[in-house]
Structure formats: structure tokens, C-alpha cells
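One structure is given below, encoded as C-alpha cells.
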Amino acid sequence: MIHVSTRGEAPALGFSDALLAGLARDGGLYMPESWPTLTHDAIADLAGLPYPEVARRIIGPFASDIDSAAFSAMVDAAYATFRHPAVCPLVQLGDNLFVLELFHGPTLAFKDVAMQLLGRMMDHVLEQRGQRATIVGATSGDTGGAAIDAFKGLKRVDVFILYPQGRVSEVQRRQMTTVDAENVHAVAVEGDFDDCQALVKALFNNHAFRDELMLSGVNSINWARIVAQVVYYFTAAVSLGAPHRPVNFSVPTGNFGDVLAGWVAKRMGLPIGGLNVATNANDILARAIATGRYEATGVVPTSSPSMDIQVSSNFERLLFEAHGRDGATIRRLMQGLSQSKSFTIEPAALELIRAEFSAGKVDEAGVRAEMAATFQASGYTLDPHTAVGVASARTVLARVPATPMVVLGTAHPAKFPDAVEAATGRRPALPVHLADLLQRPEHFTVLPNDQGAIELFVRHKARAAGSRQGAAA
Ligand SMILES: Cc1ncc(COP(=O)(O)O)c(C=O)c1O
Ligand SMILES: N[C@@H](CCOP(=O)(O)O)C(=O)O
């Protein structure tokens with residue numbers, strides 16, 4: 001499978017190279033050249049299969065350059081880390097309303113689903129090539145913890161996670177800062193998530209720095225992240241009757257990776273009726289889909305901090321497809337974004353996007369009301385991110401009540417105990433393996449929102465680690 005950049009100027013790469021590259025060298029994002037599809041019967045055959053087997057059938061065609069026996073073992077090991085036998089179970093909340101619980105992995109967020117596999121695949125490819133890599137990632141709270149858990153202690157990688165200081169929950173912060181592994185570096189940046197993400201992209205776009213340290217990325221700019229997230233759309237839809245009937249999804253959205261994975265599932269033949277982009281007060285995507293104008297206005301802190309994002313990286317992948325895979329157009333739109341923080345989607349592209357995506361914004365009062373109402377009605381505890389998805393899903397469900405609606409349950413409520421307690425009156429407890437998280441000592445470094453300062457820190461730490469590994473070898 002060949003992968004091309006959304007900006008049309010970087011070399012095309014195979015899966016393993018795209019996996020290690022993260023961001024393309026022209027600043028774009030990798031996408032496969034074509035979509036593998038599953039027949040109606042092949043989708044029907046997925047019913048009742050264990051999650052790892054579905055993962056092999058969906059991810060396998062993309063990861064075709066990884067040895068299949070090794071890949072198969074990595075899939076089994078990745079999903080053995082989940083605490084639920086179904087890996088991603090489906091829970092019914094009401095008539096045709098379901099929550100797909102994606103938070104049974106080690107760090108209680110949907111990021112684990114992809115990251116547990118990504119860590120194993122990267123380590124495998126690096127070992128085969130005899131290489132070391134420096135992973136730099138940006139997080140609004142969940143990617144960081146999931147990446148640190150997946151990569152901690154690995155000999156061939158150093159991990160640097162940039163998070164916005166003071167803008168993640170205490171549990172999220174501690175999941176990053178209490179891991180005592182030499183190859184892990186939690187960096188509190190004096191800025192918001194968009195600043196952290198811009199810094200990561202700037203490090204990649206400094207080609208000398210990128211090559212010197214062999215930078216690699218684990219944000220959803222990495223195509224492998226998206227592929228691994230496609231699987232649960234299949235397991236959920238098939239358990240609700242696909243391919244014999246369509247299923248809708250409502251996705252709490254920030255960086256647009258998770259909902260894009262649903263759109264990929266649709267390209268692969270899954271009968272998804274509609275994909276609902278559910279946003280919190282940071283509603284740039286809802287505005288863009290409603291008006292055709294993508295306009296970044298500055299991040300507002302909310303009770304769903306992982307979705308406090310204005311520059312939504314993966315929207316670029318959808319724009320690429322909707323604009324006829326024309327790299328020149330994407331370069332022009334992205335230049336507009338960096339110069340004036342805005343661009344206009346071309347009318348034909350907007351029409352294509354609207355044919356597949358609806359969008360809705362849920363404000364803070366709406367999030368609280370949804371958490372409270374769901375808890376009172378069914379005793380089910382939603383985290384604030386999933387609550388955005390459920391509240392927005394109800395609007396769609398009112399329009400199309402006969403089609404099952406699956407809301408992606410993106411985080412465990414115990415990651416956001418203050419918001420959940422304020423809405424429901426109950427403080428959710430952390431699972432046993434994290435029960436002493438609030439007592440563990442923290443290690444982190446505070447750095448300014450400055451590319452030079454980040455580069456200095458990463459170079460210093462990565463070189464020291466390289467020398468340690470060299471001495472030990
Ligand atoms: C809990 C939670 N919900 C939703 C999202 C939004 O997902 P995406 O960035 O893929 O749109 C995130 C962050 O990615 C998250 O951590
Ligand atoms: N919400 C994310 C932000 C980064 O998203 P990613 O999917 O691109 O890694 C987070 O919690 O870190």
C-alpha cells in the first residue's frame with residue numbers, strides 16, 4: 001500500500017515508512033493512494049469474531065509490508081492490555097442510542113486502542129532496521145498518557161510529550177508525569193494545545209533537526225493511528241446489523257482523527273448512514289461545516305479539555321479527498337490558515353462534506369445537563385467528552401429515529417472526576433491499577449512556547465539517552 005501526502009510534494013511511502021515518518025516532509029499528512037474494500041459478505045462474516053481478529057482483517061490490508069505473523073502477534077498483545085473481554089463493548093442507553101466504550105485500555109481513553117498497537121508496530125520496525133527514533137507528540141490530555149504508557153521503557157525510542165500547562169485534568173496530567181521511565185519526558189508548555197501541536201509540526205518541518213534525531217510522531221497526524229481506529233466502527237456496526245442495515249455515529253471531536261476513521265470505514269464499504277461531528281464550545285468544525293468558512297478564533301477552556309482544539313489536523317485529510325486529491329489546493333488552504341488563521345472550503349467540496357457529515361455544538365450547560373440527565377435516567381455515568389457526543393446525537397436521532405446511533409465513548413468518567421461530580425453528585429473512582437495515582441511522585445519540565453527552547457531540550461535529552469544506550473550495547 002502506497003501513501004501520498006495531502007500537500008502533494010513529499011515522497012510517496014509504504015506503510016512502515018509512513019508509520020515512522022509521522023508528518024510528511026512537505027508538512028502534509030499521509031493517506032493511502034486507494035481504499036481497500038470489504039465485500040458485503042466479508043463484512044457480514046465479521047459478526048461474532050473476537051476484536052483482535054476483526055483488527056487483523058481491517059488493518060492487515062494497510063499494514064501489508066509488516067510480516068503477517070509478527071503483525072498478528074502484535075494485535076493479540078495490544079488488545080490483551082484491555083480490561084474488557086470485548087475490548088470495545090457497546091452499551092445501550094435508550095431507543096436506538098448506544099455508547100461504544102473505548103476506554104477500557106490502560107489509560108482509560110480511546111487513544112489506547114490505536115496507541116497500544118502503534119507502540120508495538122514502531123518498536124518492531126525500528127528493531128528490524130536497527131534504528132532509534134525520537135517521538136514528539138502534542139496532547140490536550142489523552143494522547144500523551146496513552147503514548148507514554150505504550151512507549152515507556154522501550155530501548156529504541158525516546159518520547160517527548162508537550163501538554164498545555166494547567167489545561168488538562170489532574171488525572172490526565174498525572175498519567176503523564178508519574179511514569180518513571182528514562183525514555184519518557186513530559187513537558188508542560190506555557191500555551192494551549194494548538195501551541196503544542198504547532199510546535200510539534202514546526203519541529204518536523206525543521207528538516208535538519210528532524211533528520212538529526214530521527215523524529216517520529218504518534219499524534220493522529222500519523223496515518224497508522226487512524227487505521228487502528230477504523231476497526232471499532234466495524235465491530236460496533238456489525239453488532240447492530242450491518243451490513244444489512246446502516247448505522248449512524250456521533251463522535252466527540254477535536255483533532256478530527258476519530259471521526260475521520262469512521263469516514264475511512266465508510267470508504268472501505270461499511271454502511272454508515274451519517275457521521276456526526278460533535279464539538280464542545282470550541283466549535284470551529286461545526287462552523288466550518290455550516291458555513292464553509294474555517295476560522296480559528298482561539299481556544300476556550302471547557303470541562304472536556306481533550307477537545308479544546310481549534311486547529312484540527314485531520315480535517316486536512318478530508319479536505320484533500322473532497323478537493324479531488326489536489327495537493328496544490330490543500331497547500332493554498334493551509335497557507336491561508338497559517339497566514340490569516342482561516343480559509344474557505346470550495347463549494348463543491350463543501351457539498352461532498354455535508355453529504356456525509358452533520359455537526360453540532362454543545363455548550364458547557366448542555367454538557368452538564370446531559371451528564372445529569374443520563375445519570376438520572378439510567379444510572380450510566382458519562383464523561384464530559386462522551387456527553388458532548390450523546391447530547392449532539394440526540395438531535396440527529398430526533399431526525400432519523402429508525403437508524404441506530406452509536407456515540408463513541410472516548411474517555412472513562414474517572415479521568416474527569418470534578419466535572420462528573422458537579423453534574424451527577426457522584427465522584428467516579430479510578431480503576432484498581434490507577435487507584436494510587438494521586439499519591440505517585442510527578443516528574444515534568446516546564447518550557448516556554450518557543451521552538452528553540454523545545455529543540456534544545458529534546459536534543460539534549462535524546463543525545464544523553466543515545467549515549468546511554470550506546471554504552472549499554
Ligand atoms: C476523550 C476525548 N474525546 C474526544 C477527543 C477528540 O478526538 P479527535 O481528536 O480524534 O477528534 C479526544 C482527543 O483526541 C479525547 O481525548
Ligand atoms: N485530544 C487529543 C489531542 C491530540 O489528538 P491526536 O488524536 O491527534 O493525538 C489529546 O487528548 O491529546
Side-chain angles (χ1 to χ4, degrees), residues 1-13 15 17-19 21-36 58-59 62 111 114 118 137-138 143 194 197-198 200-201 204-205 217-231 233 249 251 253-268 270 272 275 277 279 284-285 288-289 292 294 296 309-338 343 345-346 348-357 359 408:
M1 178 73 74
I2 294 298
H3 297 75
V4 296
S5 165
T6 50
R7 302 200 189 170
E9 291 186 326
L13 299 179
F15 182 82
D17 286 322
L19 170 73
L23 195 69
R25 285 183 91 81
D26 57 3
L29 307 184
Y30 278 109
M31 298 261 282
E33 204 175 35
S34 60
W35 301 110
I58 302 301
I59 305 170
F62 292 97
K111 309 289 178 171
L118 199 74
T143 294
D194 284 348
Q197 181 159 246
V200 166
K201 288 185 176 174
F204 273 95
N205 289 330
V218 291
N219 280 107
S220 54
I221 54 174
N222 191 318
W223 174 247
R225 274 275 312 277
I226 305 292
V227 174
Q229 292 172 206
V230 174
V231 177
Y233 284 90
F249 286 87
V251 186
T253 297
N255 226 4
F256 204 75
D258 216 7
V259 74
L260 186 90
W263 175 85
V264 173
K266 199 170 171 185
R267 300 277 82 64
M268 294 177 73
L270 190 66
I272 293 179
L275 289 158
V277 178
T279 72
I284 185 165
L285 289 164
I289 291 171
Y294 188 95
I309 297 175
Q310 286 282 322
V311 179
S312 217
S313 284
N314 283 287
F315 199 53
E316 178 169 342
R317 286 188 163 117
L318 180 65
L319 291 170
F320 178 61
E321 190 87 5
H323 288 88
R325 294 196 156 219
D326 177 18
T329 302
I330 302 305
R331 288 201 297 280
R332 181 172 53 73
L333 298 184
M334 293 304 137
Q335 204 169 13
L337 186 61
S338 64
F343 58 80
I345 304 168
E346 290 180 4
L350 185 60
E351 212 174 299
L352 288 174
I353 291 171
R354 284 181 180 156
E356 302 199 87
F357 293 88
L408 268 49

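Numbers for residues simply follow the sequence, beginning at 1.
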For the pair Phe343 and Gln335, evaluate side-chain contact (heavy atoms from CB on, under 4.5 Å) and give the outcome as yes or no after the intermediate values. CA-CA 9 Å; Phe343 58 80; Gln335 204 169 13; over 6 Å; no
Under the side-chain contact (heavy atoms from CB on, under 4.5 Å) criterion, do Phe249 and Ile272 qualify, and how do the steps go? CA-CA 8 Å; Phe249 286 87; Ile272 293 179; 3.9 Å; yes
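With sequence neighbours excluded, the residues that form a salt bridge (Lys or Arg N to Asp or Glu O under 4.0 Å) with Asp17 are Arg129. Not counting sequence neighbours, the partners of Glu316 by the side-chain hydrogen bond (donor to acceptor under 3.5 Å, both in side chains) test are Thr6, Arg7. Applying the side-chain hydrogen bond (donor to acceptor under 3.5 Å, both in side chains) criterion to Asn205, with sequence neighbours excluded, gives no partner residue. With sequence neighbours left out, Ala138 forms a side chain to side chain contact (heavy atoms under 4.5 Å, CB included) with Phe193, Cys196, Gln197, Val200, Asn219. Under the salt bridge (Lys or Arg N to Asp or Glu O under 4.0 Å) criterion, Lys201 pairs with no residue at all, not counting sequence neighbours. Take Thr253 and apply the side-chain hydrogen bond (donor to acceptor under 3.5 Å, both in side chains) test, not counting sequence neighbours, and it matches no residue. Partners of Arg332 by salt bridge (Lys or Arg N to Asp or Glu O under 4.0 Å), not counting sequence neighbours, listed by chain and number: Glu346. Listed by chain and residue number, nothing satisfies the side-chain hydrogen bond (donor to acceptor under 3.5 Å, both in side chains) test with Asp194 (two or more places apart in sequence, or in another chain). Taking Phe204 as the reference, nothing meets the ring-ring contact (aromatic ring centres under 6.0 Å, His included) condition, with sequence neighbours excluded. Ala328 is linked by a side chain to side chain contact (heavy atoms under 4.5 Å, CB included) to Asp326, Arg331, counting only residues two or more places apart in sequence or in another chain. Under the ring-ring contact (aromatic ring centres under 6.0 Å, His included) criterion, Phe315 pairs with Phe256, Tyr294, sequence neighbours left out. Partners of Glu356 under the salt bridge (Lys or Arg N to Asp or Glu O under 4.0 Å) rule, at least two apart in sequence or in another chain, are Lys266, Arg267.
No side-chain heavy atom of Leu352 sits less than 4.5 Å from a side-chain heavy atom of His323. Annotation: side chain of Trp35 is in contact with side chain of Glu321 (closest heavy-atom distance under 4.5 Å). No side-chain heavy atom of Trp263 sits under 4.5 Å from any side-chain heavy atom of Met268.
Of all heavy-atom pairs spanning Ile309 and Asn255, the tightest one is CD1-N, 3.6 Å. The shortest non-hydrogen separation linking Gly254 to Leu285 is O-CD1, 3.9 Å.
Taking the six-membered ring where the residue is Trp, His3 and Phe15 present tilted rings, their angle falling between 30° and 60°.
In the model, Arg317 has a side-chain atom that pairs as donor or acceptor with a side-chain atom of Asn314 under 3.5 Å.
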